There are 2 protein chains.
Amino acid sequence: MPQTSLSSALFTLAQSYRVTVREAINANELGLNALHVRCLHIIAETQHCTANDIVTKTGRDKAQIARLVKELIKLELVSKCADENDKRCLILSFTDQGNALFSRLEVAEQEVDAKLCHGLTDQQVRDFIAIATTMIENINHNTP
Amino acid sequence: MPQTSLSSALFTLAQSYRVTVREAINANELGLNALHVRCLHIIAETQHCTANDIVTKTGRDKAQIARLVKELIKLELVSKCADENDKRCLILSFTDQGNALFSRLEVAEQEVDAKLCHGLTDQQVRDFIAIATTMIENINHNTP
DNA sequence: AGCGTATAGTTGACTATATCAACTATTGGG
DNA sequence: CCCAATAGTTGATATAGTCAACTATACGCT
C-alpha cells in the first residue's frame, strides 16, 4: 500500500499514531487518551502551566481543554491552585501520583517511538521532525 | 513554539492539517470534510473501487465508511452499482458532478499543499513522505 | 445439489472528540 | 470607579469513530 500524496501520508500517519498510542496506553491501563498525554507533557515542560498555555500549545478549543484538565484532576494526577498575583490563572502541577504516572508514560511513549522509528536513522527522524515543524509554522503563520 | 518530540510534532501537524483542509474546503463551500476528500481520492485512483477498498486504504471502521459513502451518494457526487461478477461488491464511481467537484478539489488541495510546503525543497517533501510511509508500515506491520 | 463458511455491505446503539456560545470572576488601564 | 480584556467554566450540540448484529451474495466442499 504505497503512500503517494502528502495529505494521505499525513492523514494515515496521524490515524495510525492515535490508534497505536491508545493501544499502548490502554495496554498499560493508564486510562488516558492521547490528548491527556499531550497535556501531561505540556504541564511537565511548562513553568507554572495554566490551562491557557495548553490551549495555545495544542490549538484546541479551550472548552475541550477545560474538561480534559478536569479529568486529570479527578484522576488525582494534577492539581490546580490559583496564581498569587493573578487569581484568574490556575496553575497546574503534578501530584505525586501524577509524577509517578508520567514516568511510566515516558517509558510507554519511548516504546511507541522506537516502533515508529524502526529502520530509520536518527538523522532521518530529526529531519522529519524539522520538516514537520516547518509545515506547522507554515500553516499557523502564513495566512495571506 | 518549538516542536521537540516526534509525537508532539505529529500530533500538532495532524491537527493543523485537519483544520486547514477544513477551512479550505469550507471556504470553497463544498460541504465536505477531510475524510470525504480522502474517499474521493481513493475512488478516483482505484479501478472499480469498492467500499471495502476504502476501508483497507484508510484503515477506518467499515461502518464509518459506509455512512460516508452514503453521504457522497446523497450529494450525487458518487454512484454505486453492483459488480457483474460479484453482486456483493458495489463499485463506486464519480458522477459528472463528482468529476467536476473533484477537479475543483484538486486545486484547493494544491493550495493547501503549497502552503504547507512553503520554504521546503521538493526533495525534502519527498523525504518527508517516504519517512512517514516507513512509519506507517512500522506501525501496521511490527506487532510483536 | 445442499451445507457451511467467508466476504461485502448496512444498520443501530453507543462512546469519544470537538466546537460554539453564553456565562462568571478577575484584572489592569484609563 | 468603570470598562474592556483575559482565564476559565459550563451547557448544548455537532462530528467522528467504534462495536456488534444483521442481510445478502459467493465460494468450496463432499
Side-chain angles (χ1 to χ4, degrees), chain A residues 11-12 14-23 25-26 30-39 42-43 46 48-75 78-92, chain B residues 11-12 14-23 25-26 30-39 42-43 46 48-75 78-92:
Chain A
F11 236 84
T12 307
Q15 160 80 358
S16 302
Y17 189 82
R18 259 189 336 106
V19 170
T20 306
V21 168
R22 190 166 51 206
E23 278 168 5
I25 286 171
N26 282 347
L30 305 177
L32 303 172
N33 66 25
L35 195 49
H36 285 124
V37 171
R38 282 204 69 196
C39 284
I42 291 170
I43 292 170
T46 308
H48 50 264
C49 176
T50 68
N52 204 37
D53 289 333
I54 301 180
V55 169
T56 53
K57 294 200 184 192
T58 57
R60 309 281 171 132
D61 192 85
K62 62 181 182 169
Q64 192 183 3
I65 298 301
R67 286 185 246 267
L68 227 96
V69 167
K70 195 155 58 166
E71 286 167 19
L72 292 177
I73 291 171
K74 194 172 219 167
L75 291 169
V78 163
S79 63
K80 71 180 176 188
C81 124
D83 186 340
E84 305 262 307
N85 309 326
D86 183 344
K87 284 170 197 154
R88 291 171 305 177
C89 296
L90 301 175
I91 311 290
L92 302 171
Chain B
F11 233 84
T12 307
Q15 160 80 357
S16 301
Y17 189 81
R18 262 191 332 108
V19 170
T20 306
V21 168
R22 189 164 52 207
E23 277 167 5
I25 286 171
N26 282 346
L30 304 179
L32 302 172
N33 67 25
L35 196 48
H36 285 124
V37 172
R38 281 204 70 197
C39 284
I42 291 171
I43 292 171
T46 309
H48 50 265
C49 176
T50 67
N52 203 38
D53 288 334
I54 301 180
V55 169
T56 54
K57 293 198 184 193
T58 57
R60 307 283 171 131
D61 192 85
K62 62 180 181 169
Q64 193 183 0
I65 299 300
R67 288 185 243 268
L68 226 96
V69 167
K70 194 153 61 165
E71 285 169 19
L72 293 177
I73 290 172
K74 194 170 217 167
L75 291 169
V78 163
S79 64
K80 72 180 173 187
C81 124
D83 187 339
E84 304 262 310
N85 307 327
D86 185 343
K87 285 169 195 155
R88 292 171 306 178
C89 296
L90 301 175
I91 312 288
L92 302 171

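Everything numeric in this text was worked out from a predicted model, so none of it was measured. Naming convention: chains lettered A, B, ... in sequence-line order (proteins, then strands); numbering from 1 in each chain.
The OG atom of B:Ser79 sits 11.0 Å away from the CG atom of B:Leu90 when rounded to the nearest 0.5 Å. Note that CG of A:Leu35 is 8.0 Å distant from CD1 of A:Ile42, once rounded to the nearest 0.5 Å. Atoms CZ and SG, on B:Arg60 and B:Cys39 in that order, are 9.0 Å from each other to the nearest 0.5 Å. The CG atom of A:Leu72 sits 7.0 Å away from atom CG of A:Leu32, with the distance rounded to the nearest 0.5 Å.
Within the 4.0 angstrom heavy-atom criterion, only backbone atoms of the sugar-phosphate kind lie near B:Lys87; the bases stay farther away. Base contact: B:Ala63 has a heavy atom under 4.0 Å from a base atom. In this structure, A:Leu90 reaches the sugar-phosphate backbone alone: every heavy-atom distance under 4.0 Å involves primed, P, OP1 or OP2 atoms, never a base. Nucleic acid contact class of B:Asp53 (heavy atoms, under 4.0 Å, all strands): none. Using a 4.0 Å heavy-atom cutoff across all strands shown, A:Ile65 reaches no nucleic acid atom at all. Among the atoms of the strands shown, none is found under 4.0 Å from any heavy atom of A:Asp83.
For C:dT11, one of the phosphate oxygens OP1 or OP2 lies less than 4.0 angstrom from a side-chain nitrogen or oxygen of B:Lys70. An OP1 or OP2 oxygen of D:dA16 is reached within less than 4.0 angstrom by a side-chain nitrogen or oxygen of B:Asn33. B:Lys80 has a side-chain polar atom (N or O) that falls below the 4.0 Å cut-off from OP1 or OP2 of C:dT10. For D:dA16, neither phosphate oxygen OP1 nor OP2 lies less than 4.0 angstrom from any side-chain nitrogen or oxygen of B:Arg60.
Residue B:Ile65 comes nearest to B:Ala51 through the heavy atom pair CG2-O, 3.9 Å, listed as atom of the first residue, atom of the second, then distance.
Taking atom NZ of A:Lys74 as the reference point, atom C1' of D:dT9 lies 15 Å away to the nearest angstrom. Rounded to whole Å, the distance from CG on B:Leu68 to P on D:dG17 is 9 Å. Taking atom CG of B:Leu35 as the reference point, atom C1' of C:dA18 lies 16 Å away to the nearest angstrom. The separation between B:Glu71 atom CD and D:dG17 atom P is 12 Å, rounded to whole Å. Computed from coordinates, the A:Asp61 CG to D:dT15 P distance equals 15 Å when rounded to whole Å. In this structure, the CD atom of A:Glu84 is 16 Å from the C1' atom of C:dT27, given to the nearest Å.
In this structure, of C:dA18, D:dT25, C:dT11, it is C:dA18 that holds the atom nearest to the side chain of A:Gln64. Of the candidate nucleotides C:dC20, C:dT26, D:dG8, C:dT26 has the atom lying nearest to any side-chain atom of A:Arg88. Looking at the side chain of B:Lys62, the nearest of the listed nucleotides C:dT11, D:dT10, C:dT10 is C:dT10.
At a threshold of 4.5 Å between non-hydrogen side-chain atoms, the residues A:Ile54 and A:Leu68 do not count as touching.
Between B:Asn52 and A:His36, the residue whose closest nucleotide on DNA chain C is further toward the 5' end is B:Asn52.
Counting distance only, with no hydrogens placed and no angle test, the side-chain atoms of B:Arg67 and the base atoms of C:dG12 include a donor-acceptor pair under 3.5 Å.
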